[in-house]
Structure formats: structure tokens, C-alpha cells
Amino acid sequence: MARYTCCFAVNSGNNLYLRQSIKEILLNCSLDIIYDQNEYIMAREIPGNVSLAKLVSVEVLIDGTTATEAKTRVSLVVKNEELPLQVANHCYQVFERVNSTIALNQNWQSVESLAS
């Protein structure tokens, strides 16, 4: 299973605006929102372009427990069932697409990024 994670500190005091911004980023990356709750959003690729094992899902956790008025921590997990036998596998490509879309947003600051 390929799995890539990253954390961001987001300059946003409004949780509703933050959630909307996250959903727009995921939609811009050709991902379909399948679950949207207060502090958790899940999206996945639309079937048809890659095999089922390569379909990527993205989990977003908005950490309200450590949020301040100035910053909120957001964790992303991008994963699929594909074995990461190549460095530039499909899951990693989607992970990079999401990260580069986030990097275009001025309010997001990368905290850490991990691959496993």
C-alpha cells in the first residue's frame, strides 16, 4: 500500500472557510468528495482512468484541538492499494499534485511531509 502524508499550518480562524478551501483544492485535483464532516474530509479519484488498485483516496484531518485564532493544523493522507515499487508511482503523482495546488494558496504553510 502506497501512503504519503503531510501536515500544514493554515492561517485561518474560520473553520467553514477552511473546509471550503480544502474542498476546492481537492476538486481542482480531480478528486471527488465522498465524505465531509466537521473536522474530516475524504476524497477519492473518479474511477475510469486507472485500475482499481491504483485509485487514490485522500483523507484530510483539521485538528481543531490544537487550533489557535491564527493557525490551524491540517493533516493529509494520500493512499492507495498500489505497492510503491517505483518512486514516481501513481499515488505519489497525486500526492505531488495536491501539494503543488496547496502551495499555490498563500494561507498554507508546510509543516512536514512523510512518505511510507
Side-chain angles (χ1 to χ4, degrees):
M1 171 186 262
R3 179 184 174 102
Y4 303 93
T5 63
C6 59
C7 294
F8 293 91
V10 182
N11 298 324
S12 176
N14 184 346
N15 189 26
L16 183 60
Y17 172 76
L18 175 59
R19 287 178 53 241
Q20 186 61 35
S21 179
I22 292 169
K23 290 192 287 187
E24 286 175 15
I25 288 169
L26 294 172
L27 291 172
N28 286 338
C29 293
S30 302
L31 298 165
D32 188 27
I33 309 294
I34 58 172
Y35 188 80
D36 180 11
Q37 207 55 11
N38 292 331
E39 295 182 340
Y40 180 79
I41 299 170
M42 183 175 202
R44 70 171 177 206
E45 279 187 295
I46 299 167
N49 294 332
V50 295
S51 67
L52 290 177
K54 290 185 177 184
L55 282 178
V56 173
S57 64
V58 179
E59 297 179 19
V60 181
L61 177 64
I62 303 167
D63 190 359
T65 60
T66 61
T68 64
E69 289 183 24
K71 294 204 185 271
T72 302
R73 186 177 170 120
V74 176
S75 300
L76 289 131
V77 178
V78 180
K79 62 184 179 179
N80 69 1
E81 296 299 320
E82 175 186 23
L83 291 174
L85 300 175
Q86 301 171 0
V87 175
N89 59 62
H90 179 69
C91 188
Y92 184 75
Q93 291 170 356
V94 173
F95 175 74
E96 283 297 312
R97 186 177 343 135
V98 172
N99 274 339
S100 61
T101 305
I102 288 171
L104 296 174
N105 192 324
Q106 303 293 322
N107 295 328
W108 294 63
Q109 178 184 13
S110 179
V111 175
E112 61 186 88
S113 182
L114 302 170
S116 57

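Only this structure's heavy atoms are used, side chains among them; waters, hydrogens and symmetry mates stay out. The structure presented is a predicted model; accordingly, all values stated were derived computationally and were not measured.
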| Inter- and intrachain pairs under side-chain hydrogen bond (donor to acceptor under 3.5 Å, both in side chains), touching residues 42-58, at least two apart | Glu45-His90

Using every non-hydrogen atom in the two residues, find where [X] and [Y] come nearest and quote the distance to one decimal.
| X | Y | value |
| --- | --- | --- |
| Arg73 | Cys7 | NH2-SG, 3.3 Å |
| Cys29 | Thr101 | SG-OG1, 3.3 Å |
| Tyr4 | Val87 | OH-O, 4.4 Å |
| Ser30 | Arg97 | CB-NH1, 4.3 Å |

| query | With distance as the sole test, does Ser21 use its side chain to make a donor-acceptor pair with the main-chain N or O of Tyr17 at under 3.5 Å? | reply | no

| query | Can Asn89 and Phe95 be said to form a side-chain contact (heavy atoms from CB on, under 4.5 Å), step by step? | reply | CA-CA 10 Å; Asn89 59 62; Phe95 175 74; over 6 Å; no

In the structure I gave you, are the side-chain heavy atoms of [X] and [Y] within less than 4.5 Å of one another anywhere?
| X | Y | value |
| --- | --- | --- |
| Ile62 | Ile22 | yes |
| Ser75 | Thr5 | no |
| Leu76 | Ile102 | yes |
| Val50 | Asn80 | no |
| Pro47 | Leu55 | yes |

Can you tell me how far [atom2] of [Y] sits from [atom1] of [X], rounded to the nearest 0.5 angstrom?
| X | Y | atom1 | atom2 | answer |
| --- | --- | --- | --- | --- |
| Leu83 | Cys91 | CG | SG | 11.5 Å |
| Tyr92 | Asn99 | OH | CG | 8.0 Å |
| Leu26 | Asp32 | CG | CG | 10.0 Å |

| field | Partner set under side-chain contact (heavy atoms from CB on, under 4.5 Å) for Asp36, not counting sequence neighbours | value | Arg19, Lys23, Ile33, Ile41

| task | Output all residues satisfying side-chain contact (heavy atoms from CB on, under 4.5 Å) with Glu24, sequence neighbours left out; order by chain, then residue number. | result | Gln20

Sort and list the pairs that fulfil ring pair (Phe, Tyr, Trp, His ring centres under 6.0 Å) and have at least one residue in [range], not counting sequence neighbours.
| range | result |
| --- | --- |
| residues 40-76 | Tyr35-Tyr40 |
| residues 57-84 | none |
| residues 54-86 | none |

| query | Going only through I, L, V, M, F, W and Y residues with side-chain contacts under 4.5 Å, is there a path from Leu27 to Val74? | reply | yes

| Should Leu31 and Val98 be marked as a side-chain contact (heavy atoms from CB on, under 4.5 Å) after you check the CA-CA gap, both sets of side-chain angles, and the distance that decides it? | CA-CA 10 Å; Leu31 298 165; Val98 172; 4.1 Å; yes

| query | Crowded around Leu52 CG? As in, over 12 foreign heavy atoms under 6.0 Å? | reply | no

